[in-house]
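A short worksheet on the structure shown next.
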Amino acid sequence: MSESVLVPVPEAIAKAALVNEAQYLDLYKSSIADPDAFWAEHGKRIDWIKPFTAVKDVSFDPHDVHIRWFHDGTLNVSVNCLDRHLETRGDQTAILWEGDDPKDDARITYRDLYERVCKLANAFRELGVKKGDRVCIYLPMIPEAAVAMLACARIGAVHSIVFGGFSPDSLANRIQDSECTLVITSDEGLRGGRKVALKKNVDTALEHCPSVKTVVVVKRTGGAIDTVEGRDVWYHEITANQPAECQPEEMNAEDPLFILYTSGSTGKPKGVLHTSGGYLVYVSMTHEYVFDYKDGEVYWCTADVGWVTGHSYIVYGPLANGAISLMFEGVPNYPDVSRFWQVVEKHKVNIFYTAPTAIRALMREGEEPVKKHDRSSLRILGSVGEPINPEAWTWYHRVVGEDRCPIVDTWWQTETGGILITPLPGATKLKPGSATLPFFGVEPVLVDAEGNELSGATEGNLCIARSWPGQMRTVYGDHERFVQTYFSTYKGYYFTGDGCRRDEDGYYWITGRVDDVINVSGHRMGTAEIESALVAHPKVAEAAVVGFPHDIKGQGIYAYVTLVAGEKETDALRKELVAWVRKDIGPIASPDIIQWAPGLPKTRSGKIMRRILRKIAENEFGALGDTSTLADPTVVEDLIANRPQA
Ligand code: WTA
C-alpha cells in the first residue's frame, strides 16, 4: 500500500468529535510550546485531595534521571474511578462482563463496583496489607481482577499483575523481585472452554516465595484445590461481612500505583513502576481523546489485564472517565470464530480495541463470520501491540468497520503508561499501517546510530525528547537499570527500542524493535529469557533465539540449539525442548522452530552474530552481509543447508 493513500475523517465522526484537525494542531502546538501550562490545565481533569501547584520536575540526564509530575498534589486513584461517579452515574454500568461461555455475563454498576472494592479493601487491611505493600494479582479476566486492582489503589498497596498464562516459575520470579506479601488468585481460570489451574500454579510458585503470607482465592469454576491452612482464604468469606465503605488512603501523586513486569533485551523481566497522579491524568485523557469517548458508549478493549493495555485501557482510563468498559474472559475463536462480532452485536459495542494478531487470525476465516452479526453500533476501531500490516488494516476497516469507522492505530509501551503516537478519530486522516501523529505533549525524535537527530522524511531509532505524565518512573528496585536501559543509549532522550520511519507528511511508521526483544502475537518476549530457559535443559549446550516473520503472530520464535556432545538431534527432543520452555516461562514463549546448530556463527572474540541468525530465520540467505569476521564461516553454510521449513 502506498503512503499516498489517505483515508479522510468521515463527516459524521468529524462533526461530533472532541477535536477536529485544526483543534488538534492548535492543542498540539500549545502543548509543546508551553507544556507546564498545558499540563497544569489538563491535570485538573481528575479529582485531587490536595491540588498540585508544581507541574513537573524532570531530568533525562543519565547522571540524574528523575521524573516527577504534579508532585505536591495528593489523590486517591480508586476515588477517581469510583466515588466521584456515584452521584452522577451510580446506577450506570461500569464493567460489562462477558464470560468465556456466551451464556455468562454480568453488569456491574459503579455503585456495585464501589461496594465490592471497599469490601475487599477492608479485607486486605484486616489481613495486614498496608500502604506501600506489594500485592500480586494472578487472576483470569473476571470482575474481581478490576476489583482487586482498585482495592489496592484504595489502601495504597502496589499491585503487580502477572498474566495467567505465565508459569509457576515466572510467577515466582515476579513475586520474589517485588517481595509481595499477598497473592490473589482463583481456583481455576476458564479460556476457550478449557480450565487453567491458577491456584495450583500459585501453590507451586510459593514454594520459593517466603514473603507471601496470605493467598486470597476467588471461586470461579468450583474446581478442586489444595488449601494451605493459615495461608489461604476464600475471597467470598473474607469480604462477606465487611462494610461497603472504606476510607481511602491519601496518596502523593508520585506514590507508586503498580508494578508490571516486562521483557527487555537482556536479563530478567523488569518491574516497570508507574505512579498515581500523572499516570491517571494521562490514561484518562488519552482514553477520552483517542477513542473520542462519549458518555454512555460501550467501549471494549479485548486485552488481558495482565498486560499494560488492560491496566490503562480496560480499568484505569475508562473508569476514571465513567465509561462502560467491557471485560471479556474468553478468546476470539470460542465457541467459534465469530465470537468477537457476536459480542459486538449482543452488547451494542461502540468502540472496539484489539491487536493486529487477532485481526490477522480472523481475516483468515473470511468475511462471513463477521458479516452474519450486526455491527452497526461500531463507531471507532483501534489497534495496539505491534505494527498492523496494511492488508490487515484494510480488512479491519472494510469488513469489520464497513468503511465507516476510523481505525486508531495506537503506538505505546508498558513503559509509556499510555498511548503516545496515534490518530484522533475526528482529526487525523489515516494511512493504513501508520500510527500517524504524536499525542499532545509528546515529542518524538528519530536519531541515527550515533544519536544525531534526523530531520524531515527519514528513518531511525525512535526516541522521545521530553517527559509526559504517564511515563514510567523507575525499574522497581533497580534505578540504575532504568537509567541504563532507557537513557544512556542516546543522551538526553528516552529511547523506546523501536525503529521508525517518518514520511513527508510527518506521519510515523513503526518498523518494529531494534533490540533483542521480539513481539509474538503482541506479547513482548526477551530472546535472552528464552535462551536461558533452553540452556537450563541438561542436553543443551548453547542456544540463540531470534524472531522471524509469522503470518498470524507477527513474529514467531526461532531457536538455534547446540546440543551437548554425544546427544542425538531427534524430533522427540525437539518436542521436549518446546515443552520445557512452555513449562519454564509459559505457553506464549513456545518456540515455533528449533534448528539444530552444531555450531553458531561467532566472531573471533566469541560474540554470536545475531544479524546472520535473523537472516537465516527470515529465509533471506542472499543478504547475510559480511561474514569474513566469523571465526568459522562454514557454520553459516551448514545452518543454511539445514534450515527446517516450517
Ligand atoms: C510494539 C503494548 C507498532 C512496539 C502497548 C513497542 C507497536 C512494543 C504498536 C511495546 C503499534 C505497540 N504499532 N508497534 N501500534 N503498539 N507496539 O510493552 O514494538 O507490551 O515497543 O506495550 O509493542 O509492547 P508492550
Side-chain angles (χ1 to χ4, degrees), residues 161-163 165-166 258-265 269-274 279 282-283 286-287 290-291 301-314 316-317 353-360 381-390 392-393 396 407-423 428 430-439 442 444 461-464 470-472 475 485-486 494-502 507-527 529 547 553-555 588-589:
I161 306 190
V162 178
F163 174 59
F166 278 121
F258 66 85
I259 299 166
L260 180 58
Y261 287 85
T262 194
S263 298
S265 299
K270 298 181 280 282
V272 168
L273 185 97
H274 283 288
Y279 172 80
Y282 198 75
V283 296
T286 44
H287 173 261
V290 173
F291 300 103
C301 165
T302 69
D304 189 288
V305 291
W307 309 111
V308 73
T309 308
H311 285 64
S312 301
Y313 298 112
I314 294 177
Y316 290 118
Y353 187 31
T354 196
T357 186
I359 297 299
R360 287 192 298 263
L381 302 174
S383 172
V384 61
E386 47 173 324
I388 180 164
N389 47 311
W393 193 102
Y396 193 23
I407 298 179
V408 288
D409 176 1
T410 62
W411 174 85
W412 58 296
Q413 312 178 292
T414 307
E415 293 88 338
T416 70
I419 295 164
L420 295 196
I421 302 183
T422 179
T428 319
L430 307 174
K431 297 187 187 189
S434 170
T436 76
L437 299 170
F439 191 72
V442 174
N461 301 305
L462 176 62
C463 294
I464 310 293
Q471 185 171 21
M472 77 182 281
V475 170
T485 310
Y486 304 104
Y494 163 77
F495 176 44
T496 65
D498 278 323
C500 182
R501 192 158 56 81
R502 184 171 49 217
Y507 275 42
Y508 290 88
W509 301 71
I510 309 297
T511 53
R513 302 288 304 196
V514 294
D515 54 10
D516 289 323
V517 170
I518 52 181
N519 195 326
V520 183
S521 303
H523 299 150
R524 257 169 87 163
M525 302 291 326
T527 51
E529 285 167 68
K553 301 181 185 180
Q555 279 188 300
I588 57 170

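Counting from 1, the numbers follow the sequence of the chain as shown. All values below come from the heavy atoms of this structure, side chains included, with hydrogens, waters and symmetry mates left out. Whatever order the structure lists ligands and atoms in, that order sets their numbers, starting from 1.
- Using cut-offs of 30° and 60° on the angle between ring planes, the pair His311 and Phe258 is tilted.
- A heavy-atom distance below 4.5 Å is found between the side chains of Phe163 and Ile588.
- For Trp411, the ring-ring contact (aromatic ring centres under 6.0 Å, His included) test picks out no residue, with sequence neighbours left out.
- Checked against side chain to side chain contact (heavy atoms under 4.5 Å, CB included), Pro438 has the following partners two or more places apart in sequence or in another chain: Tyr24, Tyr28, Val442, Pro444, Tyr508.
- Neither side chain, Ser312 nor Tyr282, offers a donor N or O lying under 3.5 Å from an acceptor on the other.
- Contacts of Lys553 classified as salt bridge (charged side-chain N to carboxylate O under 4.0 Å, His left out), with partners at least two apart in sequence or in another chain: Asp592.
- Closer than 4.0 angstrom to ligand 1 lie heavy atoms from Val308, Thr309, Val384, Gly385, Glu386, Pro387, Asp409, Thr410, Trp411, Trp412, Gln413, Thr414, Asp498, Ile510, Arg513, Asn519, Arg524.
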